[in-house]
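Please read the structure below before turning to the comments.
Keep in mind that what you see is a predicted model, and the values were worked out from it rather than measured. Note on naming: letters A, B, ... go to the chains in the order of the sequence lines (proteins, then strands), and numbering restarts at 1 for each one. All values below were derived from every heavy atom in this structure, side-chain atoms included, with hydrogens, water molecules and symmetry-related copies excluded.
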Amino acid sequence: MTTEPGNCTASELLCVMSARALEDGQVVFAGVGIPLLAATLAQRMHAPGVTILFEGGTIGPHVVPGELPPTTNEQRCTRKANMLVSITEVLLLLQRGYVDVGFMGGAQIDQYGNLNSSFIGSADDPSVRLPGTGGGNDIASLTKMIVAMPQEKRRFVEKVDFVTSPGYLTGGTSRVDSGLVAGGMYRVVTDLAVLGFDDGTGRMKVLDLHPGVTAEQVQENTGFELSIGPDVGVTELPTDEELAALRHLDPDKVYIA
Amino acid sequence: MTTEPGNCTASELLCVMSARALEDGQVVFAGVGIPLLAATLAQRMHAPGVTILFEGGTIGPHVVPGELPPTTNEQRCTRKANMLVSITEVLLLLQRGYVDVGFMGGAQIDQYGNLNSSFIGSADDPSVRLPGTGGGNDIASLTKMIVAMPQEKRRFVEKVDFVTSPGYLTGGTSRVDSGLVAGGMYRVVTDLAVLGFDDGTGRMKVLDLHPGVTAEQVQENTGFELSIGPDVGVTELPTDEELAALRHLDPDKVYIA
Amino acid sequence: MTQSYLDLRERTQARDRSLREKVMSLEEACEYINNGDHVALGGSTASRTSMAMLWALIRAKKRELSFSRSIVSTEGDLIFASGIGNHILTSWFSQGIIWGVSRVMRHYTENKLARFEEWSHMSIGLRYRAGAMGVPFMPMRSMMGSDVAGRLDNLKEMECPFTGEKIMLVPALNPDVALIHVQRCDSFGNAQLDGLTFMDIDIAMAANRVILTTERIISNDQIRRSPDQTKIPFFAVDAVVEVPYGSAPHECFGLYEPLFSHMDYYAELTRKDPAAGVNEYLEKFYYGPENWTEYLELIGLGDLLDAARRGRSIYDD
Amino acid sequence: MTQSYLDLRERTQARDRSLREKVMSLEEACEYINNGDHVALGGSTASRTSMAMLWALIRAKKRELSFSRSIVSTEGDLIFASGIGNHILTSWFSQGIIWGVSRVMRHYTENKLARFEEWSHMSIGLRYRAGAMGVPFMPMRSMMGSDVAGRLDNLKEMECPFTGEKIMLVPALNPDVALIHVQRCDSFGNAQLDGLTFMDIDIAMAANRVILTTERIISNDQIRRSPDQTKIPFFAVDAVVEVPYGSAPHECFGLYEPLFSHMDYYAELTRKDPAAGVNEYLEKFYYGPENWTEYLELIGLGDLLDAARRGRSIYDD
């Protein structure tokens, strides 16, 4: 049973919608925050066979409801895991090709799916020094990416101030030309829509709108022109089961505001 | 108390003399056979602080008397070890510089200390295919070497049929020029003498004769001209303690014939 | 052998990497090996050899396989003599130093019936490691100047762009199949190894398919109680076969030492007439028995019990 | 930072690598760190940080240290604010995502008082690994095309001589000193780690000196009963310091989780006026206490017991 619009927060909507982007049986490299929570939700709902990898070195854990880890490097990440390895080894799994999907949040993204988590303003004299790439650069360089983030004009910019994690760089064949021959941006899931990328140009486009959201709304919350075709789809609202499972996982609202 | 000449076999003499070449506190990468036995003997005698490494991945074991391992890859090698690592990791310790001495046997050696354990005759059409390098090439390329082998004309040749494990190659700076900037042949211990290498030319020379052995005898058992100075030393015969310890370690004469 | 990165990824992505049961028989596991494949063997010398899987491959009359292993013992003789493969890449090939130089190896290589491709021990390890890491090569500092390097045509020397030093590059080795024998794993293929791991972890991660033989299958719950003991992840594994004494007459750390009298018997059998001796051995122990248990019966319960007593003694200290 | 191979070997060969006792106090261990050294920190974010050793370095008023770590949490704030170092190489630097972006990191970097040198997470791991292996670089396939690479001047792109592919080379990092906190080790420095090992093994093998802080010193006999659990060999270790709760307020796997209320307190203290807040924290917890036990007392026994209860619960499953 799907819930009524307005029965969930934007974070909850984002979490459910991005969980749905995962398929059963996939090996998913999940960042901390919404991705961790959404991958766990996917496991509890439609994709019990999803294997989660955390950057701290955890393979196939079982995240315990109410004990969400504050980073991917804490022991909470390792509960009932299948295997623990070093950080370098878990990142090398991306390079070797064992991972299906990299799943991250983002501070700033541009029309080619490049992510910035390093500097607001110029790198030499930033107005804000952000925490940096972590595994983001490696994940985005080496595997197919799903990014979950709120759709806001200041976050969806024409060109990011700094390419921390590469999308399609300057579009066309520029990503492959740079040496990044595998992986690439696949989906951006927001609280308004599900976005994809044009095969040829590498530019972002709208695939599906969330119920009640118009194409105009999405464009208004985006700092560059989005291609929105007439055949754009509509997602289904979160179900009561999804929301219940989500709230059970994060009762203290650590990641869902 | 030193034993009478003739009270020990050639293998026993070789084993005792090469054990003495080790110093207390050294990290010694030991091959199977005489080196394993001699390094263990050194531990029991003058050098209790010697740390033995085996190619199978063992760090600092305590070899049990009468249970000598048939190769360096059996569990017998790991008795009371401090640490076990992969084969690649234990060999990388040589490359990283943690090892003081590589300690090996040899089938054939030449005037520049190059070892052959691959082919007798031409490599394309050998009269004997030998078992090959194992870790020999890596050990001889990456650390200071002590080689223990019987002194025989067919084993001490002017030029080895095949350079399996590099000594000083063609002498002079040829080893360093080839890219092998560290390590190199240090001692060859035989049943007749202890041999070293000239700093400049890289050629083998006699350092010490075993008691009762003449310079002529050594030269007669060597297939190239050895430099034997007038100041050549004389080793001390194995002591009763050394022989007793050795025979206790190898009661079944697995390695001491 | 050096696959392009996109090929390697494509083969990897095409594998079913989900958490799923993959327990099968030796005969079923043979289906995962195609004629012409490059097969990497886990363990080293007479330790944790996946002897049961080799036994099955020989019985299945596979052909034109090539092999690699850190160090090769009697299994190399059997590969050559059975005809399943005539090319072995390794650093050392003989039964074991105490038995002298393998007459079977000599017979096949000196008569040019088969090829023993010699690399340094570390270079083999680094080739697997490059394969495991998804890079096309690894840098190293040995083999330079030697004739071992001189006989190989897929090595490259380079000048280090950071230090100007001479460096040797060895190419990645991504085997088509890896055969690895372990003490225990679950039905999904999460493997926990005791003692020496040799090159097994890199081999498993480098290979395009992995077949585990295991002394014992344990529950996934058991695995999850000590995930830091898991050495091979399930998603790298394609088949799991439970085979007690699956490495006999070689050893399996903590469970049984080598079956020395059997190894002595084999050495004696192949000393005088290597070709005839090894064929007699194959007839008796490989083609004769109906199944693996019969093979073990032929080796003899007494030898197995003796080896097991010695094997478990490692935990007495 | 990239040492020539002969320099690196010379430094390594000069170390006393014999099996010997090396237990000492935090203050004595400080002598192993010289002003100007590059110090690598084990653990990651708020896990197994060698907090006690950092505490001692700050109290000893070391100067001009530079640091590297996979991911930096509150210890980075304290390094900058205490003045022991103004350069940190890492991939991510903030207290932890739930506490927002570190105001202290922002204050020091945005005002150009200190430098946060950003590398990709894997590239840091591979730099340590190259250092651990004794090679001058490692090849990898990320960072290409990004501005992260664009801001670094010691990266090299090359064409792979085997495949023709574009490959990124990152230079070896051999820290002068590594500070690693472990659950247990013996008095010689043989360390056994539980749970996540982060980049610690590579750091230990790469560094020119290693200082272990440990929750507990165990006997060498105990180590030798399970040598396959030893992760750092004694000969790579120069000093061993026993410090219970040596990672507090960060966690130590299996023993205690992060001390969340203390971490919240710290975040709150530094939110409004980062410079004043972090200095107040240093005064109270770093310069105030007579010894490590007093530091723990200031944090509070209640918090320690709570963290320990949560920490041990990992073994309940």
Side-chain angles (χ1 to χ4, degrees), chain A residues 22-29 42-43 46-54 56-64 75-102 138 141-144 175-176 179-184 186, chain C residues 3-21 128-136 138 172 174 185-193 201-208 210 218-238:
Chain A
L22 301 179
E23 294 165 29
D24 201 14
Q26 285 183 324
V27 178
V28 178
F29 203 105
Q43 269 188 337
H46 67 285
V50 153
T51 295
I52 297 177
L53 308 187
F54 290 135
T58 301
I59 295 174
H62 184 89
V63 172
V64 174
Q75 67 172 36
R76 287 186 177 189
C77 292
T78 71
R79 295 288 288 271
K80 293 190 187 179
N82 283 278
M83 183 171 176
L84 304 183
V85 294
S86 76
I87 289 176
T88 309
E89 294 309 325
V90 82
L91 290 164
L92 285 170
L93 294 174
L94 293 157
Q95 185 165 277
R96 176 62 182 79
Y98 283 113
V99 178
D100 291 291
V101 176
D138 303 309
S141 296
L142 297 167
T143 197
K144 194 173 84 174
R175 178 184 167 97
V176 169
L180 303 175
V181 297
Y186 174 64
Chain C
Q3 288 183 293
S4 93
Y5 184 52
L6 286 178
D7 276 0
L8 179 67
R9 283 188 69 109
E10 209 165 283
R11 288 185 72 169
T12 308
Q13 294 270 316
R15 292 161 74 181
D16 180 351
R17 285 160 287 116
S18 67
L19 195 71
R20 64 191 168 87
E21 301 264 345
Y128 289 136
R129 179 156 297 179
M133 292 171 69
V135 286
M138 286 295 281
N174 289 100
C185 68
D186 67 16
S187 58
F188 308 136
N190 286 299
Q192 299 189 335
L193 283 72
I201 317 305
D202 286 326
I203 290 173
M205 301 315 289
N208 287 300
V210 174
I218 62 175
S219 70
N220 181 251
D221 282 350
Q222 200 62 267
I223 291 284
R224 290 183 191 255
R225 274 184 202 112
S226 49
D228 54 2
Q229 298 304 307
T230 307
K231 301 293 190 343
I232 299 172
F234 68 90
F235 55 70
V237 174
D238 301 90

C:Arg129 side chain reached by A:Leu92 side chain, heavy atoms, under 4.5 Å = no
Between C:Asn220 and A:Asn82, a side-chain donor and acceptor under 3.5 Å | yes
Okay, C:Asp228 and chain A: the region with an atom under 4.5 Å from a heavy atom over there is both
Comparing C:Lys231, C:Arg225, C:Gln229, C:Arg20 against chain A, the one with the most heavy-atom pairs below 4.5 Å turns out to be C:Lys231
Does A:Asp100 reach the side chain of A:Lys144, with side-chain heavy atoms less than 4.5 Å apart?
-> no
Side chain, backbone, both or neither: which part of C:Phe234 has a heavy atom under 4.5 Å from chain A?
-> side chain
From the list C:Pro227, C:Gly134, C:Ser18, the residue making the most non-hydrogen contacts under 4.5 Å with chain A is C:Pro227
Quick one: side chains of residues 57-64 of chain A, donor-acceptor pairs under 3.5 Å with protein atoms, not counting sequence neighbours, listed by atom name and distance.
none

Which answer fits C:Arg11, side chain, backbone, both or neither, if we ask what part of it has an atom under 4.5 Å from a heavy atom of chain A?
-> neither
Residue from C:Ile223, C:Leu8, C:Leu19, C:Asp16 scoring the most non-hydrogen pairs under 4.5 Å with chain A is C:Leu8
Would you say A:Phe29 and A:Leu94 make side-chain contact, with heavy atoms under 4.5 Å?
-> yes
Flag the one option from A:Thr78, A:Leu91, A:Asp24, A:Thr51 with the top tally of heavy-atom pairs under 4.5 Å to chain C.
-> A:Thr51
Taking C-beta and beyond as the side chain, do C:Met133 and C:Met138 meet within less than 4.5 Å on heavy atoms?
-> yes
Turns out that what part of C:Ala236 lies under 4.5 Å from chain A's heavy atoms comes down to both
Residues forming a ring pair (Phe, Tyr, Trp, His ring centres under 6.0 Å) with A:Tyr98, sequence neighbours excluded = C:Phe235
Could you look at A:Val50 and say if it's the side chain, the backbone, both or neither that has a heavy atom under 4.5 Å from chain C?
-> neither
Side chain, backbone, both or neither: which part of A:Thr143 has a heavy atom under 4.5 Å from chain C?
-> both
